[in-house]
Peer 1: 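The structure that follows is given in the form of structure tokens.
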Amino acid sequence: MPRDYYEVLGVGRSADGDAIKKAYRRLAKQYHPDTNKDDGAADKFREATEAYQILNDPDMRARYDRYGHAGVQQAQAGGFGGAGFGDFTEIIEEMFSGFGGFGASGRRSRRSPRPGRDIPYTMNLTFEESIFGVEKEIEINRLEVCDVCSGSGAEPGTQPRTCVECNGSGEIRRVRQMFLGNMVEVVPCPRCSGSGKIIDTPCHECKGATQVRRNRKLKVKVPGGVDDSTRIRVSQEGEPGENGGPNGNVQIFFKVQPHEFFRRRENDIILDLRINVAQAALGAAIQVPTVDGEEPLSIPAGTQSGKVFTLRGHGAPKIRSDGTSISRGDELVVVQVVIPHKLTNEQKQLFEELGRTLGAEPEPQKVGKGFFDRVMEFFSGEG
Ligand SMILES: [Zn+2]
Ligand SMILES: [Zn+2]
């Protein structure tokens, strides 16, 4: 005994035409065998279609309401004349345009050009290379059009022949038996897998696949100023596109090795520098390492720990969005005054002499004026 048609569509007995149409559209979308491969989906689709055919036709619906399934079976046997059929195909077409695999739009999406996949590559750089830029050769593995058969898939000297099943179109029309007659649907040709061609003697290199994996070397110019967050794209060197679509890109990510002394903060380079008490107290002219070599730095008398000196233009270049480098950041020298913890007898004596001339009272610091406050202030950009 078939299920009640209203129950199948999940609508009430007083549902109007629109509600019935809407309910059927939802079920058809859910259970259409082209999109739903579950066991029983096809049966559910057929059941919903049958219910819709009856309830969408006022005459048949009246008969069903009055006599139940028996009332409409009689009409079916008598060659139900196609009332509402146009409406039905319209719904199916409307439904499946838009999500591929059925009808004209499905064909388009299968054969439309699609760009190839991107290939990611992580490049290791020394700190100096990241600052000044470098040209490096990298090796990637990608699919390429087979050069033995030029992408035909057939052994050189032979030709693929046109598939007789589909006459080279790559698709066949299949008639599906529906409740109210036949429905024609278009599916990829099973014989040639939709290519339209049969290869009798596959190319020995690609085994008929038309593409092969190759290792390729690429020269990559890395601009100065990159860091671990920079990504560089090498255009169209990725996997091949489909149906004439463009190749994908190679996306280069960077891993910069930490430096012994320097670290990056955006475009600035930070150097922690220890000076001794005498240099801090008396001032000193010293040489400071930068990525460009030693640079003179004048430490004024009375320099405190946490003081930051700026060496303009000795930082990392800024990278513009077009990949070129422009003006450089600065080197920030953060000074730490070192208190010696091992003194010779002579130094000890000198400190004792010094100590007698300095005040002996410890001096509490107001909140916000200490060493850490100064460093934090500077690095939060307020200094
Ligand atoms: Zn080949
Ligand atoms: Zn075919």
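Just so you know, ligand 1 is whichever comes first in the structure, and atom 1 is the first atom listed for that ligand. Just so it is clear, the model here is predicted, and its values are computed rather than measured.
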Peer 1: For Glu237 and Val234, indicate whether the former's side chain and the latter's backbone hold a donor-acceptor pair under 3.5 Å.
Peer 2: no
Peer 1: Roughly, to 10 degrees, what angle do Cys166 atom SG and Cys192 atom SG form around the Zn ion (ligand 2)?
Peer 2: 110°
Peer 1: So, is the end of the Lys29 side chain (NZ or CZ) under 6.0 Å from the ring centre of Tyr31 and within 45° of the ring's axis?
Peer 2: no
Peer 1: Rounded to 10 degrees, what angle sits at the Zn ion (ligand 2) between Cys163 SG and Cys189 SG?
Peer 2: 110°
Peer 1: Once rounded to 10°, what is the value of the angle centred on the Zn ion (ligand 1) between Cys146 SG and Cys203 SG?
Peer 2: 110°
Peer 1: Among side-chain atoms of Ser169 and Asn167, is any donor-acceptor pair under 3.5 angstrom?
Peer 2: no
Peer 1: Can the ring centres of Phe253 and Tyr121 be said to be less than 6.0 Å apart?
Peer 2: no
Peer 1: Kindly confirm whether the Zn ion (ligand 1) is within less than 2.8 Å of some N/O/S atom in Cys149?
Peer 2: yes
